[in-house]
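Each remark here refers to the structure printed beneath this line.
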Amino acid sequence: MGVDLGDLLKKKPVELSDLSSKVIAIDAYNTLYQFLSIIRQRDGTPLKDSKGNVTSHLSGLLYRMSSLMEAGIKPVFVFDGKPPEMKSSTIEKRVEARENAKIKWTQAQEAGLAEEAYKYAQASSRVDATIVEDSRKLLDAMGIPFVDAPSEGEAQAAYMVSRGDADYTGSQDYDSLLFGAPRVVRNLTVSGKRKVPRKNLYVDVKPEIMQLEETLNGLGISREQLIDIALCVGTDYNPGLANIGPKKALKLVKEHGGIKEVLARTGNEIPGLADIKEFFMNPPVTKDYALRWKKPKTDSVLQLLCDEHDFSRERVTKALEKLEASSGAGQRTLDSWF
DNA sequence: CATACACA
DNA sequence: TGTGTATGG
């Protein structure tokens, strides 16, 4: 998912402490998917409570958010609304890939291929309605606000940064830049370590920020041209052109001015081009939101995580102490509203 | 992924 | 003070 523009974009590593007091509009889907895919046992099974419900996302949310808030960061989650019709092909492909991965997971398990099994287990992750519902309950109990996007969460998050209601969008994907987010932060993690795929190796990963204006100036293009490049490479709304990666796309778009000319020159076409461009330039968003960070409801968090999902009381209590110590839950924001 | 804990 | 490894639910 998302757009593969990583090589073109200028990224600046930062410390978590540099993001203190910043409001970060986090793409909920992206984050939950990451948690579900990565927080697993060595055989690939996600964390589960005694009733068999998956809890990886709750674990990820609790520990990461309490650490970020302790560092003074003010997260707000943005949930997806109704996906646009032009995304349906991508959505169908994801469903299919997931079903396929489930079968292969079982097969690999039976064949005793641990690494294969793990890989397919990850690929079978799904952010379903229950996952979303649990996550909203936990965020609410933790006092972290969330916003419901009318359509794409990345677009809503970008809008919130454009308006100045948030400082950054937070996502591993680059889409929010296309939607016009002035600033994006990736790798918004605590530990700073990430496992490299397939290898038994960990590398240091720091949060990194990207700035739209700076990126565009550096490449010598407009946002519309950045979108054109994405369209060449492929987005959630179109498959992309054969044998054209980010670098070639940049060259072509700069040379010919825009996607229309590139298509004409290369003998390609993108069905629904105008609608897709319009969607990136002017996505459905809402201004119907209020960002309030509240004191965590300790009892609700303990009830949800410990009583309902078998989390350790000791660990959850420790995380709650971090939350309560955070400035985000405290004075300024809260008092300004009450 | 984040944390805890062992051990250098 | 750091690095590797196991565990969480």
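Just so it is clear: chains get the letters A, B, ... in the order the sequence lines come, proteins before strands, and each one is counted from 1.
Computed from coordinates, the A/Asp43 CG to C/dG8 C1' distance equals 13 Å when rounded to whole Å. Per the geometry, CG belonging to A/Asp134 stands 13 Å off C1' belonging to C/dG9, to the nearest Å. Atom P of nucleotide B/dT3 and atom CG of A/Leu320 are separated by 13 Å, given to the nearest angstrom. We find that CZ of A/Arg40 is positioned 14 Å from C1' of C/dG8, with the value rounded to whole Å. A/Ile39 places its CD1 atom 14 Å from the P atom of C/dG8, with the value rounded to the nearest Å. A/Phe311 places its CZ atom 18 Å from the P atom of C/dT7, with the value rounded to the nearest Å. One can place CD of A/Glu314 at 17 Å from P of C/dT7, the figure rounded to the nearest angstrom. The distance from atom NE2 of A/His57 to atom P of B/dA2 is 16 Å, rounded to the nearest whole Å.
Contact annotation: the side chain of A/Leu252 never approaches that of A/Arg265 to less than 4.5 Å [non-hydrogen atoms, C-beta and beyond]. For the pair A/Leu302 and A/Leu320, the minimum side-chain heavy-atom distance is below 4.5 Å.
Phosphate proximity of B/dC1 to A/Arg64: absent, as no side-chain N or O sits under 4.0 Å from OP1 or OP2. Put simply, A/Arg42 has a side-chain N or O that comes within less than 4.0 Å of OP1 or OP2 on C/dA6. Dashed line: the shortest gap from a side-chain N or O of A/Lys318 to OP1 or OP2 of B/dA4 is under 4.0 Å. Distances shown here put every side-chain N or O of A/Ser312 at or beyond 4.0 Å from the OP1 or OP2 atom of B/dT3. An OP1 or OP2 oxygen of C/dT7 is reached within less than 4.0 angstrom by no side-chain nitrogen or oxygen of A/Lys48.
At a threshold of 4.0 angstrom between heavy atoms, the contacts of A/Arg315 are confined to the sugar-phosphate backbone, with no base atom among them. As judged by a 4.0 angstrom heavy-atom cut-off over every strand, A/Ser56 is placed among residues making no nucleic acid contact. A/Ser50 comes within contact range of no nucleotide atom at all, as no heavy-atom separation falls under 4.0 Å. When heavy atoms are screened at a 4.0 angstrom cut-off, A/Lys322 is found touching the sugar-phosphate backbone but no base atom.
A/Gln41 contributes no side-chain N or O that forms a donor-acceptor pair with the base of C/dG8 under 3.5 Å.
Looking only at distances, no side-chain donor or acceptor of A/Asn268 sits under 3.5 Å from a matching main-chain atom of A/Leu263.
With ring centers used as reference points, A/Phe280 lies under 6.0 Å from A/Phe179.
Atom CG of A/Asp288 sits in a sparse spot, with 12 or fewer heavy atoms from other residues, nucleotides or ligands closer than 6.0 Å.
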